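Below: the structure, in structure tokens.
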Amino acid sequence: MKLFVLNSGSSSLKYTLYDIRDGICEIVSGMAERIGEKEGAVTLFHEGKEVVLTHIADHHTALQLVLGQLRGHGYLKSFSDLAGCAHRVVHGGAKFTAPTLIDREVLETIKSLIPLAPLHNPANLEGIKTLIKLSPGTPQIALFDTAFHQSMPEVAYRYALPEAMSLELDIRRYGFHGLSHHYLRDEAAKLLGKETTQSNLITLHLGNGASVTAIKAGKSVDTSMGFTPLEGLVMGTRPGDVDAGILLYLLEEKSLDAAVLDRLLNHESGLKGLCHTNDMREILARKAQGDAKAALAFEIFCYRIRKYIGAYMAILGSVDAVVFAGGIGEHSAEVRERVCAEMSHLGLVLDEVKNRAFTKGAQMVHSPQSKVKIAVVQTDEALQMARESVRLLKEFKKIV
Ligand code: ADP
């Protein structure tokens, strides 16, 4: 039996096909990029890389091409080999707290959440609808980026805004990157040799989008992203926390409209706004050559992370480990070094040699005198989706 895991974004989609007969084993993965553009690309990653360049009109065409490639190469003989299809859905609102088998009602609810995630949920829905059409008998499962954070207590998820407005408009903190934080929790608990339910962690997902989660006894009790993924850490092109008064000032004094503010906050701020690039590799290279703007962007990025670690230590009480992940968290020893520097008073001491030596997998990189352990984990959202889907399919006896 096989499982098809899909992450359908606005102009691209990523997929992984797993064999789930005996454990969960990746067969092939790849992506379709530049959907809707003239020169799209479908990629298959397996024993080298194969690329098919073609025009991809929409998600339906992209998925047809992907599945055609999988069948053409013999990875998938027929749709009846599929025990299920797993779909990443960015926003599950307060309604979805766990992976969910998709039926008409679930589809409607995901649709009703589009106003909360106008860029993401429509693309996620496209993927689901296409697979229902292409493989009608296969169970379809939705895995929500918000679900892991539904354990947050009200004291963490409520904004201090008027009660009636918060309740009427569902304005509250939801948090995102839940699949990654969930995966990091499980891998960190394994490294610690503890039950997940006994692990207190601070997990850092530092990619183009970035968020940090406080995990108490295995449950998310706070996270830095809020009503939207704009809140919290400094990101590639988003500023993270800003004074809401700045937006009022721009609206009133500078007459900027919502579309301009959207572009400013989602695409022109963060690292890019500070030093004209959102690529941390370029920032590190420029900093090494004495570029002051790149050095400042790097400092602001790391400073914000330190502030959140301090805040989450305060609410968690005892912390077993701080976990670094995401493109930056996983690959940049320099960012990890800067974040952990001057944190020995809070019990964090990095081992510089271990830190520099990390390449892949999941490893501890703290020194023996560190009270709080420090881990680097290669996150794997597709594998997390596969794990949760297999559990769900077994529960509903959709597979034996
Ligand atoms: P996304 O959130 O889009 O999935 P990723 O998790 O792939 O993004 O992270 C992208 C970020 O990781 C970029 O800022 C990129 O520069 C950074 N990154 C990737 N490799 C390295 C590296 N070797 N050193 C430092 N930063 C890196």
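Starting from 1, each residue takes its place in the sequence as its number. Heavy-atom basis, side chains included; hydrogens, waters and symmetry copies ignored. Atoms within each ligand, like the ligands themselves, are counted from 1 in listed order. Worth saying up front: this structure is predicted, and the values here are computed from it rather than measured.
Around atom 3 (O) of ligand 1, the closest heavy atom drawn from Asn208, Leu284, Thr277 belongs to Asn208. Summarising the contacts of atom 22 (C) of ligand 1 with His331, Glu334, Lys14, the nearest heavy atom is found in His331.
At a 3.5 angstrom cut-off on N or O pairs, His205 does not count as close to ligand 1. Considering backbone and side-chain N/O of Gly327, one or more are found under 3.5 Å from N/O of ligand 1. Inclusion of Asp279 in the set of residues having an N or O under 3.5 Å from an N or O of ligand 1 is warranted.
How far CZ of Arg263 is from CG of Asp257: 8.5 Å, rounded to the nearest 0.5 Å. Atom-to-atom distance recorded for Gln140:CD and Leu101:CG is 9.5 Å, nearest 0.5 angstrom.
Judged by the shortest distance from any of its heavy atoms, Gly209 lies inside the 4.0 Å radius around the atoms of ligand 1.
Under the 4.0 Å criterion applied to side-chain N and carboxylate O atoms, Lys194 and Asp320 are assigned as salt-bridge partners. Salt bridge Arg356/Glu337: present, at least one basic N to carboxylate O contact under 4.0 Å. A salt bridge does not link Arg172 to Glu154: none of the charged side-chain nitrogens sits closer than 4.0 Å to a carboxylate oxygen. By the 4.0 Å N-to-carboxylate-O rule, Lys293 lies too far from Asp291 to be salt-bridged with it. The pair Glu187-Lys190 meets the salt-bridge criterion, with a side-chain N (NZ, NE, NH1 or NH2) lying under 4.0 Å from an Asp/Glu carboxylate O.
The protein heavy-atom contact nearest to atom 26 (N) of ligand 1 is Met280 CB, 3.7 Å.
Of all the heavy atoms of Leu271, none lies under 4.0 Å from any atom of ligand 1, so neither backbone nor side chain is involved.
For atom 16 (O) of ligand 1, the nearest protein heavy atom lies under 4.0 Å away.
Against a heavy-atom cut-off of under 4.0 Å, Ser332 is close to the following atoms of ligand 1: 25 (C). Shown in contact with Ile328 at under 4.0 Å from a heavy atom are these atoms of ligand 1, numbered in order with element: 11 (C), 12 (O), 14 (O), 17 (C). Heavy-atom proximity to Asn278, at under 4.0 Å, picks out these atoms of ligand 1: 14 (O).
Aromatic rings from His91 and Phe176 are positioned such that their centres are separated by under 6.0 Å.
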